[in-house]
2 protein chains.
Amino acid sequence: MTNIKDLAKMSGVSVSTVSRVLNNHPYVSAEKKAAVLKAIECTNYNRNINAVHLSRGKTQLMGVVLPVTDTPYFALLLKGIAKRALENDYKLVLFQIDYAEEKEIEALQMLKQKQIDSLIICSRKCELALIQEHIQYGTIVLCEKTTEKSLPSVFIDHYEIFFQALEYLYQKGHKKIGYSVGRKTGSNSSLREQAYRDFLEKYKLPFYSDYIMDDCLYFEDGEKVMQRLRSMDIQPTALIITSDQVAAGIMIECQKEGISIPEQLAVIGFNNEPIAKMMNITTIDIPLVELGGDLFLQAYHGYNSNKQISVKLIERETV
Amino acid sequence: MTNIKDLAKMSGVSVSTVSRVLNNHPYVSAEKKAAVLKAIECTNYNRNINAVHLSRGKTQLMGVVLPVTDTPYFALLLKGIAKRALENDYKLVLFQIDYAEEKEIEALQMLKQKQIDSLIICSRKCELALIQEHIQYGTIVLCEKTTEKSLPSVFIDHYEIFFQALEYLYQKGHKKIGYSVGRKTGSNSSLREQAYRDFLEKYKLPFYSDYIMDDCLYFEDGEKVMQRLRSMDIQPTALIITSDQVAAGIMIECQKEGISIPEQLAVIGFNNEPIAKMMNITTIDIPLVELGGDLFLQAYHGYNSNKQISVKLIERETV
DNA sequence: TTGTACGCGTTATCAG
DNA sequence: CTGATAACGCGTACAA
């Protein structure tokens, strides 16, 4: 492995000059530059990027923490992040965490250890305080509405949109409304539950705990939802499903079982994935790719702002 | 930022001893070890991992090249890779390339520059020769059947399975068979076209170029396929669709238009995604998560082998 | 069991 | 414009 020193020797200049050529610094004579360039040619020289990182204290690496990558929500978020990363010549270190907190902490560690310059946390398991502690080591951007304003974030207001969806269903005559989430833990789910409880409160509606169904992430979970529905004494007449994938799965199941939508069961999906358009599912449009892009940009520039992304209900034919 | 030297000073030992403690080396007395540990406690010391990397010449980082992450094929592959990475304490650097060759080359560069120890290339755009050149810098594993045996790979035989699917359809009476692919370029697609042509040859069937439909990656592309079908003078009676997502999209479209499957149109999907099970789509079962895991393991251990993953046809109700 | 001293490859400072 | 030289922070022969 030839290094900068070898190049210097070969081209009859100092290492500084070689470094300058390597980094396109000005103030280096044409001849010397040519000599160095030639030496680089001959030796199939490769800069050891770790040395650069050590010297500079930066890595051009951004960490991305997410639980899984194979659900549309996170896949699209990641797509948006990756797109911007590509544009800005940043590399992404993927922390596909699988909801394991210790791995999340590892990501924080890597920030501390300067292996990554910044970190996007798409879904958080650890305490905010812990994250707070780490912002001194690099930019951290969250994808949730943080109460602590000091943490940068790009988010959608899950409380608001969930409440709005509930109101919409209520206005259509539904009083028994169930909903599904990916995981019950997590700040988004808490917000949704809060909205749900406030909604029930507002209209003096009863709370049935089994109306909240968790672990609904994939298409096939639609089957699970319908099974659970069947096991209920009082079945809901409407469902808010936090993924169009799952909503589509429910549609298919209902079709099989001869349950007509929206007459017998109303469904609101989430994300406005292409599948929702094709199957005419009423859904919440969330610009996930854009959201991902904004996450990247905020982490990239180190802005310390809290940006809300607006979403809207798309009325189609399942309510 | 306190460093190893500060620690040494504080705990009254040498840097080597500190380093030994840090790396759990044997032969360090309990007292000194305790002293160092205490110093570490007090100073909220963090090892600068770049320095470690520079010194060691390794990074515990593995690159993963793939065009997109939001199709089931690549998402599941990535899932498998990420799972094994998690187990083996390896971090992944994601090269979501979007089919841009220059970015693929960048990944190769990073291998050269020692920023990553190894590289998994899930989908290749550049020349094999170029990859060949880079194996001296680290392990590279491909996800295709390479003719050059010197390149490590884990793969499925797309030729074989495609031929098998065609035979299956032929045996069911189909003679006009079309198929879809994600991209026409790419080695998998070439293999499929080869199989397709050989099949036609074998049974003396005519070749219609518009029977090969590309750019079919997402659910919503099912719509596109059906549109193209309608524009054909002689429509195929059967379709092989290289993604269950798309196959499902086709199912939905056909339902809308009153085309009955398999009577009027037979469909074979790919991947055996959950959606295929729910919609009873005959498909090719490809253990993508396992395949991803194997890719990781091979890259991790640096095995130079060519492992074939076997796949099988799952008969359901769309043929 | 411990410490010294050097190497890893590059960048940055500063004097010239 | 150029070149010494000192960091950067850690690992590791080698010597003791």
Side-chain angles (χ1 to χ4, degrees), chain A residues 1-40 43-61 109-117 137-138, chain B residues 1-40 43-61 109-117 137-138:
Chain A
M1 287 274 85
T2 84
N3 63 17
I4 203 177
K5 223 177 259 173
D6 300 332
L7 290 180
K9 210 169 293 171
M10 290 182 58
S11 43
V13 299
S14 72
V15 287
S16 332
T17 301
V18 176
S19 177
R20 289 193 188 98
V21 172
L22 251 24
N23 295 289
N24 274 317
H25 278 296
Y27 308 133
V28 38
S29 72
E31 307 96 81
K32 300 225 174 192
K33 184 167 181 175
V36 172
L37 254 24
K38 199 178 123 205
I40 292 175
T43 53
N44 85 318
Y45 161 78
N46 288 294
R47 189 147 61 163
N48 182 323
I49 216 79
N50 290 315
V52 177
H53 291 335
L54 172 60
S55 196
R56 280 213 245 262
K58 294 241 165 200
T59 59
Q60 294 273 103
L61 246 39
Q109 289 286 347
M110 278 179 65
L111 194 66
K112 245 187 179 175
Q113 301 178 342
K114 302 189 164 305
Q115 190 166 12
I116 53 181
D117 294 343
Y137 304 112
Chain B
M1 287 275 85
T2 84
N3 62 21
I4 204 176
K5 224 178 259 174
D6 301 331
L7 290 180
K9 212 169 291 172
M10 290 183 57
S11 44
V13 300
S14 71
V15 288
S16 336
T17 303
V18 176
S19 176
R20 287 192 191 100
V21 173
L22 252 24
N23 295 290
N24 276 316
H25 279 295
Y27 307 132
V28 41
S29 73
E31 310 96 81
K32 302 227 173 195
K33 184 167 183 176
V36 172
L37 254 23
K38 202 179 120 203
I40 291 176
T43 53
N44 85 320
Y45 161 78
N46 288 294
R47 193 150 53 166
N48 182 321
I49 217 80
N50 291 313
V52 178
H53 292 337
L54 172 59
S55 198
R56 282 212 245 263
K58 293 242 167 197
T59 59
Q60 293 274 103
L61 245 39
Q109 289 287 345
M110 279 180 65
L111 194 65
K112 244 188 180 176
Q113 300 178 341
K114 302 189 164 305
Q115 190 167 11
I116 53 180
D117 294 343
Y137 304 112

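So that the names make sense, note that chain A is the first sequence line, chain B the second, and so on, each numbered from 1. All of these numbers come straight from a predicted model, not from anything done at the bench.
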Next on the checklist: Between B:N48 and B:N3, is there a side-chain heavy-atom distance shorter than 4.5 Å?
Outcome noted: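 They are not in contact (no side-chain heavy atoms under 4.5 Å apart), so the answer is no.
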
Next on the checklist: So B:N46 and A:Q109, do their side chains get closer than 4.5 Å, heavy atoms only?
Outcome noted: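 They are in contact (side-chain heavy atoms under 4.5 Å apart), so the answer is yes.
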
Whole-Å distance between [N] [atom2] and [X] [atom1]?
X	N	atom1	atom2	value
B:K112	C:dG9	NZ	C1'	17 Å
B:N46	D:dG9	CG	P	12 Å
B:R20	C:dT2	CZ	P	8 Å
B:H25	C:dT2	NE2	P	14 Å
A:H53	D:dG9	NE2	P	15 Å
A:L54	D:dC8	CG	P	10 Å
A:K9	C:dT10	NZ	P	14 Å
A:K58	C:dG9	NZ	C1'	21 Å

Where the side chain of [X] is concerned, which of [options] is the nearest nucleotide?
X	options	result
A:N48	C:dT11, C:dG9, D:dG3	C:dG9
B:K32	C:dT10, C:dT11, C:dG3	C:dG3
B:S19	D:dT12, D:dG9, C:dG3	D:dT12
A:Y45	C:dT11, D:dT12, C:dT10	C:dT10
B:V28	C:dT2, D:dG9, D:dT2	C:dT2
A:A51	D:dA13, C:dT1, C:dT10	C:dT10
A:Y27	D:dG11, C:dT11, D:dC1	D:dC1

Next on the checklist: Is it true that B:S14 and B:T17 share a donor-acceptor pair across their side chains at a distance under 3.5 Å?
Outcome noted: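 Per modelled atom types, B:T17 and B:S14 side chains form a pair under 3.5 Å.
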
Item to check | A:P26 or B:V52, whichever maps to the more 5' nucleotide of DNA chain D | outcome: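 Looking at DNA chain D, the more 5' nearest nucleotide goes with A:P26.
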
Next on the checklist: Looking at the base of D:dG11, is there any donor atom on it, or on the side chain of B:R47, that sits under 3.5 Å from an acceptor on the other one?
Outcome noted: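 Donor-acceptor pair under 3.5 Å: no.
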
Item to check | Check: C:dA12 base within 3.5 Å donor-acceptor of A:S55 side chain | outcome: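 No pair found.
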
Next on the checklist: Please report the end-to-end axis angle for the helix from C:dT1-D:dA16 to C:dG16-D:dC1, five pairs per end, rounded to 10 degrees.
Outcome noted: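 Axis-to-axis angle, ends of the helix: 40°.
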
Just N and O in the side chain of [X]: are any of them under 4.0 Å from OP1 or OP2 of [N]?
X	N	answer
B:N50	D:dG9	no
B:S16	D:dG11	no
B:S14	C:dT4	no

Item to check | side-chain contact (heavy atoms from CB on, under 4.5 Å) assessment of A:Q115 paired with B:L61 | outcome: CA-CA 10 Å; A:Q115 190 166 12; B:L61 245 39; 3.5 Å; yes

Item to check | Residue of the set B:V36, B:L37, B:D6 for which side chain to side chain contact (heavy atoms under 4.5 Å, CB included) holds with B:S11 | outcome: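 Exactly one pass, corresponding to B:V36.
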
What's the shortest heavy-atom distance between [X] and [Y], and which atoms?
X	Y	value
A:A51	B:L54	CB-CD1, 3.7 Å
A:K32	A:V13	CD-CG1, 3.6 Å
B:T43	B:A39	OG1-O, 2.8 Å

Checklist entry - Do B:N23 side-chain atoms and B:H25 backbone N/O form a donor-acceptor pair below 3.5 Å? => result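 No, because the side chain of B:N23 does not come within donor-acceptor range (under 3.5 Å) of the backbone of B:H25.
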
Checklist entry - Base, sugar-phosphate, or nothing: which does B:V18 touch, judged by heavy atoms less than 4.0 Å apart? => result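 The answer is nothing, as B:V18 stays clear of every strand by at least 4.0 Å.
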
Checklist entry - What does B:T17 touch in the nucleic acid at a heavy-atom separation under 4.0 angstrom: a base, only the sugar-phosphate, or nothing? => result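 The residue B:T17 makes sugar-phosphate contact but no base contact.
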
Checklist entry - On DNA chain C, nearest-nucleotide positions of A:T2 versus B:S29: which is more 5'? => result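 Its nucleotide being nearer the 5' end, the pick is B:S29.
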
